[in-house]
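Heads up, the thing below is written out as structure tokens.
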Amino acid sequence: MHAAIDQAVQVRLLATSVGEAVPAVLHYRRSDPLAVRMTFPPEISLDGAAVGWAFARDLLTEGLRTAAGRGDVRIRPSGPERVLMEFHADEGIAMVQLRTADVRRFLARSYEAVPAGREHEYLGVEQELAELFGAA
């Protein structure tokens, strides 16, 4: 079983005048089983640096069915084939659309790696602390 899952996806930037598809990557790690990360390439950011967001895997799952999230990341269906993600920051809001099928495929792979309800078995806090302090 893979310890990490990355899936390249195309996102459509909605909060800009560009509106074209750009690459992004969804990341999932068994060592951090509750979180999903999404990274965007530097060329689409205001300051030319890569941008990454972390949010709960459960939030992504819920956002496929209904509006979810109240904080920095909000997700909701956008028609039968798309999901809309909003990323809120001090600088403003970025809105992107993804294909629902891509998100479902990514989530299925993540749930194969770490089944729902068993995330606590993969947290690996002791191992991470040992590595941090050089005892591993």
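Model, not experiment: these values are computed from the prediction.
The aromatic rings of Trp53 and Phe87 sit tilted relative to each other, their planes meeting at an angle between 30° and 60°.
Every salt bridge (charged side-chain N to carboxylate O under 4.0 Å, His left out) that Arg57 has, sequence neighbours left out, goes to Glu119. Shown here are the ring pair (Phe, Tyr, Trp, His ring centres under 6.0 Å) partners of Phe55, two or more places apart in sequence or in another chain: there are none. For Arg37, the salt bridge (charged side-chain N to carboxylate O under 4.0 Å, His left out) criterion is met by Asp32, not counting sequence neighbours.
Between atom CG of residue Leu64 and atom CG of residue Leu59 there is a gap of 10.0 Å, rounded to the nearest 0.5 Å. The structure places CG of Leu26 at 6.5 Å from CD of Gln7, a figure rounded to the nearest 0.5 Å. Here the CD-CG distance, from Glu86 to Asp72, works out to 11.5 Å after rounding to the nearest 0.5 Å. Separating the CG atom in Asp58 from the CG atom in Leu34 is a distance of 7.5 Å, to the nearest 0.5 Å. Here OG1 of Thr61 is found 9.5 Å from CZ of Phe106. Values are rounded to the nearest 0.5 Å. Here CD1 of Ile93 is found 4.5 Å from NE2 of His88. Values are rounded to the nearest 0.5 Å.
Taking both residues in full, the closest heavy atoms of Ile5 and Ala113 are given as CD1-CB, 3.8 Å, listed atom of the first, atom of the second, then distance. Pairing each heavy atom of Ala67 with each of Pro77, the nearest pair is N-CD, 4.1 Å. Across every non-hydrogen atom of Leu60 and Val36, the tightest pair is CD2-CG1, 4.3 Å. The two residues Tyr28 and Pro33 have their closest heavy-atom pair at OH-O, 2.7 Å. Taking both residues in full, the closest heavy atoms of Pro23 and Pro41 are given as O-CD, 2.9 Å, listed atom of the first, atom of the second, then distance.
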_Using the rule given for salt bridge (charged side-chain N to carboxylate O under 4.0 Å, His left out), can you reason through Asp6 versus Arg109, listing the C-alpha separation, both sets of side-chain angles and the distance that settles it, and then say yes or no?_
CA-CA 10 Å; Asp6 291 340; Arg109 293 173 59 209; over 6 Å; no
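Under 4.0 Å is where a charged nitrogen must lie from a carboxylate oxygen, and between Arg82 and Asp102 no such pair does.
Under a hydrophobic clustering in which Ile, Leu, Val, Met, Phe, Trp and Tyr are joined whenever their side-chain heavy atoms come within less than 4.5 Å, directly or via other members, Leu98 and Val25 fall into different clusters.
Using a 4.5 Å heavy-atom threshold, the side chains of Met95 and Met85 count as separate.
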